[in-house]
Amino acid sequence: MTVDIAICDDDGKDLKSVIDILKDIFVERSDECSLQSFHSATDMLEKVNKMDIAILDISMDGMNGIDLGRELKIRFPEL
């Protein structure tokens with residue numbers, strides 16, 4: 001089973017760090033994951049269509065991670 005993970009962070013360096021950490025974890029466990037990354041809440045809301053886990057930066061320009069999480073929970077109740 002593949003775990004679909006969406007990550008949103010407006011800081012490119014932090015976003016890359018999270019992606020690298022997740023890849024290491026899933027490789028170590030021999031599990032499969034699908035990673036989608038986004039640089040803004042707006043971008044994520046426009047493009048994401050499926051996810052099991054969302055990892056969100058709390059402090060972002062525009063919509064913050066708390067508000068984004070609330071909107072994602074409405075769109076993806078099983079999140």
Side-chain angles (χ1 to χ4, degrees):
M1 180 172 117
T2 300
V3 177
D4 294 303
I5 303 173
I7 308 149
C8 187
D9 195 320
D10 59 350
D11 182 307
K13 187 176 179 182
D14 290 343
L15 184 61
K16 183 183 179 328
S17 292
V18 172
I19 291 168
D20 290 344
I21 290 167
L22 288 169
K23 284 181 179 177
D24 287 346
I25 290 169
F26 278 86
V27 166
E28 182 178 300
R29 294 180 46 144
S30 298
D31 290 331
E32 291 186 34
C33 73
S34 168
L35 299 175
Q36 299 179 76
S37 61
F38 304 94
H39 292 280
S40 73
T42 303
D43 190 35
M44 185 178 204
L45 289 172
E46 288 175 358
K47 295 179 181 172
V48 73
N49 57 17
K50 175 179 158 183
M51 74 180 94
D52 298 306
I53 299 169
I55 299 174
L56 311 174
D57 181 9
I58 297 295
S59 178
M60 295 187 287
D61 291 336
M63 182 184 284
N64 65 45
I66 300 294
D67 293 335
L68 174 58
R70 287 182 181 128
E71 180 61 31
L72 291 172
K73 189 65 177 162
I74 291 168
R75 293 182 186 198
F76 304 96
E78 298 298 316
L79 181 65

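Panel note: side chain Arg70, backbone Gly65; no donor-acceptor pair is recorded below 3.5 Å.
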For residues 46-55, which side-chain N or O atoms pair as donor and acceptor with protein atoms under 3.5 Å away, sequence neighbours left out?
| from | atom 1 | to | atom 2 | distance (Å) |
| --- | --- | --- | --- | --- |
| Lys47 | NZ | Asp43 | OD1 | 2.8 |
| Lys50 | NZ | Asp4 | OD2 | 3.4 |
| Asp52 | OD2 | Asp4 | N | 2.8 |

Identify all side-chain donor-acceptor contacts of residues 7-20 below 3.5 Å with residues at least two apart in sequence or on another chain.
| from | atom 1 | to | atom 2 | distance (Å) |
| --- | --- | --- | --- | --- |
| Asp9 | OD1 | Asp11 | N | 2.9 |
| Asp10 | OD2 | Asp61 | N | 3.3 |
| Asp11 | OD1 | Lys13 | N | 2.9 |
| Asp11 | OD1 | Asp14 | N | 3.0 |
| Lys16 | NZ | Asp20 | OD2 | 2.7 |
| Ser17 | OG | Lys13 | O | 3.2 |

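Partners of Ile25 by side-chain contact (heavy atoms from CB on, under 4.5 Å), not counting sequence neighbours, listed by chain and number: Ile21, Arg29.
The line from CG of Leu68 to CD of Glu71 is 8.0 Å long, rounded to the nearest 0.5 Å. Of the inter-residue distances, the one linking Leu56 atom CG with Phe38 atom CZ reads 11.0 Å to the nearest 0.5 angstrom. The structure places CG of Leu79 at 11.5 Å from CD1 of Ile74, a figure rounded to the nearest 0.5 Å.
Of all non-hydrogen atoms in Ala41 and Met60, the two that sit nearest each other are CB-CE, 4.3 Å.
The neighbour count for Lys73 NZ, taken as heavy atoms of other residues, nucleotides or ligands under 6.0 Å away, is above 12.
No side-chain heavy atom of Thr42 sits under 4.5 Å from any side-chain heavy atom of Met63. Residues Leu22 and Leu35 are in side-chain contact: their nearest non-hydrogen atoms beyond the backbone lie under 4.5 Å apart.
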